[in-house]
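This report concerns only the one structure given below.
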Amino acid sequence: MKRTKIKDLLHGEGGEVLVKGWVKTRRDSKGGFSFLEINDGSCLANIQVVAEHTLPDYSSIENQLTTGSCVSVRGKLVASKGKGQSKEVQATEIRVYGSAPVDYPLQKKRHSFEFLREIAHLRPRTNTFGAVMRVRNRLAFSIHRFFQDQGFVYLNTPIVTTSDCEGAGEMFQVTTLDLSNPPRADGAVHGKIDFSQDFFGEKTFLTVSGQLEGEIYAMALAEIYTFGPTFRAENSNTSRHLAEFWMVEPEMAFYDLDDNMDLAEEFIKFLLSDVMEHCAEDMEFFNKRIDTTILETLKNIIDNRFERLTYTDAIHQLQKASKIFTYPVEWGFALQAEHERYLSEKVFKKPIIVFNYPEQIKSFYMKLNEGGETVRAMDVLLPNLGEIIGGSQREENYEVLLQRMRDKDIDPEEYWWYLDLRKFGSAPHSGFGLGFERLVQFVTGMENIRDVIPFPRTPKHAKF
RNA sequence: UCCGGUGUGGCGCAAUGGUAGCGCACUCGGCUGUUAACCGAGUUGUUAGAGGUUCGAGUCCUCUCACCGGAGCCA
């Protein structure tokens, strides 16, 4: 007999069923039976199993039916005689796959997320992490659907790369050299390490972004997107940063900055409404237990147009604010978290897109506006979260790009292939990057980014 | 990395410088178509580590470690 998932069971017809899952809790009745709450991860809800103590072999398995144990239950799906659930399984046979001794760390009560991080191998069995991972899964799925429906090509960019100055952050070096005795140039004991003897014959790193490679394929397939892991070796200790995280990076030929912003806004709205529709039960849970405003917040975002303002207008808005900021508000300086929050949370009270940033504070590949003071960069800022998307129209003019690289001390030799894209059949194009974990964080209302990825990697932490 | 905070039974938390306690979990007993069940009893601690001040330190001081929050960097 095939196992029925609890998700399907709860809408099922009744009759003979086979359920397999983990015991959340057991309540004994001296009326000669016990209640088992079983969860199999297919949904948030448990199924209640009624276990008569007259079942064959019940006495021999009774002390194995503990919180955390894994069981297989054959029985009949019937209407529940008790309150609190409409259906339950009247067991006719219970088998224990694996019992859980009393030192099972998950108790029938709330645990702190700090504690659960220490037991990352067991935390998926909690309500919260089950719900987070189902939502995360749905978001990943709908990211693909959004782009696939519009004919974008899913592109896999390399994890190991030789570019070491994309400017996105510190990089993890990848090497197979013997670190206790690396080969040295000209044999000197303290000479420079000779990376020509390394696995790839030169210095290599884990990627910080697939954007530049994405642009290559956008210059052939027109519309592509990447969705993969990225790595930053920054010593960032915040609730919004990971050393290993997943990023979505669409890159589109023939898109200008306005098209880019349109796509970003449409993208976010699509993802939010999709998850509200398809993860309704889990989202209700978040709204009840994690953040009581989350459903309202998401709905607001779906229903309202993102406020778009230039960096210059943002500065004006901040300058006329009565609030005293810790960091100076002056044209040419980067917007600080406190500035971004003030704009999205206090002034506009909704997502905002700031665009046309000063040229000096943005990357070399962003398209220079006329006048040369600003570049066509844009950031999507969400209330309570901050930056979720960063993007730009790319510089497609060969000479301008070359000059921008020189101005920012970037060796054009190293990016010869990137420059070639402007030399041979250049085209206006744009793209953006979305931090996947930040999206999951925002949608679920979870406060710490370490709790929306199965196994978080942060400074001094790579366990599991 | 900087600033601030926290570290006490398995988990969540108390404790003016003066005998380390409560809730949950666990064990035993009672009760019940139960719902984070309930009622009664019981077990569980080198108070993160090292040093110092003091008659006396969980509490004050110094250092180390870990974790949390905020900031910077960014997605």
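Just so it is clear: chains get the letters A, B, ... in the order the sequence lines come, proteins before strands, and each one is counted from 1.
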Exam field: side chain A:R136 to backbone A:V452, donor-acceptor pair closer than 3.5 Å: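 Present.
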Short question: side chain of A:R134, backbone of A:G41 - any donor-acceptor pair under 3.5 Å?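 Yes, A:R134 side chain to A:G41 backbone: donor-acceptor pair under 3.5 Å.
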Atom pair distance, as rounded to whole Å: [atom1] in [X] and [atom2] in [N]:
X      : N     : atom1 : atom2 : answer
A:F115 : B:C68 : CZ    : C1'   : 16 Å
A:Q211 : B:C74 : CD    : P     : 14 Å
A:E340 : B:A71 : CD    : C1'   : 13 Å
A:I361 : B:G72 : CD1   : P     : 13 Å
A:E437 : B:C74 : CD    : P     : 19 Å
A:R341 : B:G69 : CZ    : P     : 13 Å
A:F113 : B:G12 : CZ    : C1'   : 14 Å
A:E114 : B:A48 : CD    : P     : 17 Å

For A:Y365, the option from A:Q211, A:R394, A:Q393 that meets side-chain hydrogen bond (donor to acceptor under 3.5 Å, both in side chains):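 When side-chain hydrogen bond (donor to acceptor under 3.5 Å, both in side chains) is applied between A:Y365 and each of A:Q211, A:R394, A:Q393, only A:Q211 qualifies.
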Return no unless some side-chain N or O of [X] is found under 4.0 Å from OP1 or OP2 of [N].
X      : N     : value
A:S112 : B:G12 : yes
A:T238 : B:G70 : no
A:Q336 : B:G72 : yes
A:R26  : B:A37 : no
A:R117 : B:C68 : yes
A:R450 : B:G69 : yes

When rounded to the nearest Å, what value does the distance between [atom1] atoms of [N] and [M] take?
N     : M     : atom1 : value
B:G45 : B:C22 : P     : 14 Å
B:C61 : B:G18 : P     : 15 Å
B:G58 : B:U8  : P     : 15 Å
B:G40 : B:U32 : C1'   : 15 Å
B:G4  : B:C11 : P     : 29 Å
B:C39 : B:U1  : P     : 49 Å
B:U44 : B:C2  : P     : 44 Å
B:A57 : B:A50 : P     : 15 Å

Any base atoms under 4.0 Å from [X], or only sugar-phosphate, or nothing? Heavy atoms, all strands.
X      : answer
A:L242 : base
A:N235 : base
A:F245 : base

Side chains of A:V375 and A:K367 in contact at under 4.5 Å (non-hydrogen atoms):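 A side-chain contact under 4.5 Å is absent here.
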Hey, does the side-chain of A:H111 have a donor or acceptor N/O within less than 3.5 Å of a partner on the base of B:C11? no
Check: A:S236 side chain, B:C73 base, donor-acceptor under 3.5 Å: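 Indeed there is one.
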Among A:F147, A:F306, A:F152, exactly one meets ring-ring contact (aromatic ring centres under 6.0 Å, His included) together with A:F267. Which residue is that?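 Among the candidates, only A:F147 passes.
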Side-chain H-bond candidate by donor/acceptor type, A:Y418 with A:E215, under 3.5 Å: yes
Pairs under 3.5 Å (Watson-Crick or G-U), crossing ones as [ ], inter-strand ones as |: RNA chain B comes out as (((((((..((((....[..)))).(((((.......))))).....(((((..]....))))))))))))....
[X]/[Y] aromatic ring centres below 6.0 Å:
X      : Y      : result
A:F245 : A:F231 : no
A:H339 : A:Y327 : no
A:F33  : A:H53  : no

Taking all heavy atoms of A:S363 and all of A:R404, pick out the closest pair and write down the distance.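 Minimum heavy-atom separation between A:S363 and A:R404: O-NH2, 2.7 Å.
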Starting at the 5' end of RNA chain B and moving along, which residue's nearest nucleotide shows up first, A:M247 or A:H461?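 By nearest-heavy-atom nucleotide position, the 5'-most residue is A:H461.
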A:N237 vs A:A334, nearer the 5' end of RNA chain B by closest nucleotide: A:N237
Over 60° means perpendicular and under 30° means parallel, so tell me whether A:F325 and A:Y342 are parallel, tilted or perpendicular.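 A:F325 and A:Y342: perpendicular rings.
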Name the orientation class of the two ring planes belonging to A:Y311 and A:W331 (parallel below 30°, tilted from 30 to 60°, perpendicular beyond 60°). perpendicular
Enumerate all atom pairs, one protein N or O and one N or O from nucleotides 30-35 of chain B, separated by less than 3.5 Å.
unit_1 : atom_1 : unit_2 : atom_2 : d
B:C31  : N4     : A:K30  : NZ     : 3.3
B:U32  : N3     : A:D28  : O      : 3.2
B:U32  : O4     : A:D28  : O      : 3.2
B:U32  : O4     : A:K30  : N      : 2.7
B:G33  : O6     : A:K81  : NZ     : 3.4
B:G33  : N1     : A:E88  : OE1    : 3.4
B:G33  : N1     : A:E88  : OE2    : 2.6
B:G33  : N2     : A:Q48  : NE2    : 3.0
B:G33  : N2     : A:S80  : OG     : 3.3
B:G33  : N2     : A:E88  : OE1    : 2.3
B:G33  : N2     : A:E88  : OE2    : 3.2
B:U34  : O2     : A:R27  : NE     : 2.7
B:U34  : O2     : A:R27  : NH2    : 3.2
B:U34  : N3     : A:Q48  : OE1    : 3.0
B:U34  : N3     : A:Q48  : NE2    : 3.1
B:U34  : O4     : A:Q48  : NE2    : 2.6
B:U34  : O4     : A:Q85  : NE2    : 2.8
B:U35  : O4'    : A:R27  : NE     : 3.4
B:U35  : O2     : A:R27  : NH2    : 3.4
B:U35  : O2     : A:Q85  : OE1    : 3.2
B:U35  : N3     : A:K83  : O      : 2.6
B:U35  : N3     : A:Q85  : OE1    : 3.0
B:U35  : N3     : A:Q85  : NE2    : 3.4
B:U35  : O4     : A:K83  : N      : 2.8
B:U35  : O4     : A:K83  : O      : 2.1
B:U35  : O4     : A:Q85  : NE2    : 3.3

